[in-house]
Amino acid sequence: MTAEPMADAVADPVGLLDLLELEQIETDMYRSVTAFDTPYRLYGGQVAAQALMAAGRTVPADRVPHSLHSYYLRGGASATNTLFRVEPDRDGRSYSARRVTAIQDGEIIFTMSVSFTVTEAGVDHNLEPTLDVPGPEGLPEQEFDQLLSIRGRVPPQVNPEAEWPSRFWARTLAGLADSPLLHACVLTYVSDMSSGLADLPDGHWASSSLDHAVWFHRPARLDEWVLVDLVPHTVAGGRGFYTGTVRQQDGTRVATLAQEALFRAPRKR
């Protein structure tokens, strides 16, 4: 299928591309240039996408991200600019490794290890059945309160009683350049939606992200529809774990993610 026309793209006062714009202030040191006040804490997908962008600015131009592993250490403030310190661990013949530390008000709020690789030709097999999910056209729209410039569509759910969908179509409303790094950053931005952990019958619910990993298998365009499918697995020790996939409209998996989040007691009514 082809993506729907982008005639409904919007020019947000603050948009996703603004968030991904970084100022280089020193060698391997970057700072976000856009901050805005919201009722929420800093969205984890935002700081992860910005950290990936900072790391990508330090590697050779022929290398694309293939995996990232991150830890959320403190809650960040969306109204505060974030400093990103990149440490170049290694540049090999085919792979580059970077570590990124995100800092606000002198405190480390987030760390990421990310690996980049040269794109290689070779076998390409999608070794799994295609999900039986209707395409995005004509489905109900989904609002994502913390995601800028992202449109969602909701197909039938595995758990219709859950508060948030664990399966949804998403794409950005912003026009994206033909940059694999930029599209990987937008995918990372979307990937932190912890709706894969449905509320438990006793009222326990998923809270802040603890750690998060993404593997990028194939190039993906995030200005076209992708299907995010999140699967909860277990809750124990105050933590809940889920995995997920991101697929193109033809069913091909472009990324895999895994995340652990705090699981808290029932909300007080």
Side-chain angles (χ1 to χ4, degrees), residues 12 14-24 30-36 38 40-59 63-73 75-86 98-104 108-116 144-152 170-177 179-195 208-216 219-224 226 228 230 244 246 254-259 261:
D12 298 329
V14 176
L16 178 53
L17 294 181
D18 298 307
L19 292 182
L20 294 177
E21 188 69 31
L22 302 178
E23 173 193 10
Q24 183 170 4
Y30 300 86
R31 181 171 55 207
S32 62
V33 299
T34 300
F36 59 100
T38 75
Y40 310 102
R41 290 187 300 178
L42 180 65
Y43 168 54
Q46 174 181 326
V47 68
Q50 291 170 326
L52 178 58
M53 178 62 75
R57 296 265 293 269
T58 71
V59 301
R63 306 197 174 192
V64 298
H66 77 86
S67 68
L68 62 84
H69 302 264
S70 53
Y71 286 91
Y72 297 92
L73 306 180
S78 59
T80 300
N81 294 94
T82 306
L83 183 69
F84 296 92
R85 183 176 65 232
V86 182
R98 297 291 186 267
R99 282 176 291 155
V100 187
T101 302
I103 302 167
Q104 283 190 347
I108 297 173
I109 63 170
F110 172 90
T111 61
M112 172 187 287
S113 295
V114 55
S115 181
F116 297 81
F144 297 120
D145 291 338
Q146 290 182 266
L147 271 67
L148 299 179
S149 307
I150 299 295
R151 162 166 288 183
R171 81 167 196 218
T172 178
L173 292 170
L176 301 182
S179 162
L181 174 62
L182 177 59
H183 287 268
C185 289
V186 177
L187 190 155
T188 301
Y189 181 72
V190 173
S191 73
D192 189 44
M193 297 294 291
S194 58
S195 54
S208 303
S209 303
L210 289 171
D211 53 13
H212 189 61
V214 182
W215 293 263
F216 304 93
R221 293 203 65 93
L222 270 293
D223 51 6
E224 298 178 0
V226 295
V228 181
L230 307 174
V246 182
V254 295
T256 299
L257 61 96
Q259 187 168 49

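Considering all non-hydrogen atoms of both residues, Val64 and Pro180 come closest at CG1-CB, 3.7 Å. Met53 and Leu182 get closest at one heavy-atom pair: CE-CD1, 4.1 Å. The heavy-atom pair separating Asp192 from Gly45 by the smallest distance is OD2-N, 3.1 Å. Across all non-hydrogen atoms, the minimal contact from Ala55 to Val100 is CB-CG2, 3.7 Å. The shortest heavy-atom contact between Ala102 and Val47 is CB-CG2, 3.8 Å. Shortest non-hydrogen contact noted between Gln259 and Ser209 is NE2-OG, 2.9 Å.
Contacts of Ser70 classified as side-chain hydrogen bond (donor to acceptor under 3.5 Å, both in side chains), with partners at least two apart in sequence or in another chain: none. With sequence neighbours excluded, the residues that form a ring-ring contact (aromatic ring centres under 6.0 Å, His included) with Phe110 are Tyr72. Under the side-chain hydrogen bond (donor to acceptor under 3.5 Å, both in side chains) criterion, Thr101 pairs with no residue at all, not counting sequence neighbours. Residues satisfying the side chain to side chain contact (heavy atoms under 4.5 Å, CB included) test with Gln24, not counting sequence neighbours, are Tyr30, Arg57. Residues forming a salt bridge (charged side-chain N to carboxylate O under 4.0 Å, His left out) with Arg99 (at least two apart in sequence, or on another chain): Glu87, Asp89. Checked against side-chain hydrogen bond (donor to acceptor under 3.5 Å, both in side chains), Thr58 has the following partners two or more places apart in sequence or in another chain: Arg98. Partners of Arg63 under the side-chain hydrogen bond (donor to acceptor under 3.5 Å, both in side chains) rule, at least two apart in sequence or in another chain, are Ser96. Applying the side chain to side chain contact (heavy atoms under 4.5 Å, CB included) criterion to Val190, with sequence neighbours excluded, gives Leu147, Ile150, Phe168, Ala170, Val228.
Taking the side chain as every heavy atom from C-beta outward, Leu16 and Tyr189 approach each other to under 4.5 Å. For the pair His212 and Leu257, the minimum side-chain heavy-atom distance is below 4.5 Å. Between Val226 and Arg171, every side-chain heavy-atom pair lies at or beyond the 4.5 Å cut-off. Residues Leu20 and Val186 have side chains in contact (heavy-atom distance under 4.5 Å, counting atoms from C-beta outward). Side-chain contact check for Leu52 versus Val214: every heavy-atom pair is 4.5 Å or farther apart.
With hydrogens and angles ignored, the 3.5 Å screen pairs a side-chain donor or acceptor of Thr34 with a backbone N or O of Asp18. Within the 3.5 Å criterion, the main-chain N or O of Ser113 finds no donor-acceptor partner in the side chain of His69. In terms of modelled atom types and a separation under 3.5 Å, the side chain of Thr256 and the main chain of Trp215 share no donor-acceptor contact.
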Notebook entry, point to check: Is there a side chain to side chain contact (heavy atoms under 4.5 Å, CB included) between Phe216 and Leu187 once you walk through the steps?
Noted result: CA-CA 9 Å; Phe216 304 93; Leu187 190 155; 4.0 Å; yes

Check: What do the steps show when you test Leu73 against Ile109 for side chain to side chain contact (heavy atoms under 4.5 Å, CB included), and what is the final call?
Finding: CA-CA 5 Å; Leu73 306 180; Ile109 63 170; 5.8 Å; no

Distance-only donor-acceptor pairs under 3.5 Å for side chains of residues 78-85, two or more places apart:
from: Ser78; atom 1: OG; to: Phe36; atom 2: O; distance (Å): 3.2
from: Ser78; atom 1: OG; to: Thr38; atom 2: OG1; distance (Å): 3.3
from: Asn81; atom 1: ND2; to: Ser32; atom 2: O; distance (Å): 2.8
from: Thr82; atom 1: OG1; to: Gln104; atom 2: NE2; distance (Å): 2.9

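To the nearest 0.5 Å, the span separating CG on Leu222 from OG on Ser149 amounts to 12.0 Å. Taken from SG in Cys185 to CG in Leu22, the straight-line distance is 8.5 Å, to the nearest 0.5 Å. Here Met112 contributes atom CE and Gln50 contributes atom CD; the two are 10.5 Å apart, rounded to the nearest 0.5 Å.
Within a 6.0 Å sphere centred on OH of Tyr71, other residues, nucleotides and ligands contribute 12 heavy atoms or fewer.
Side chain to side chain, His66 and Ser115 meet the donor-acceptor criterion of an N or O pair below 3.5 Å.
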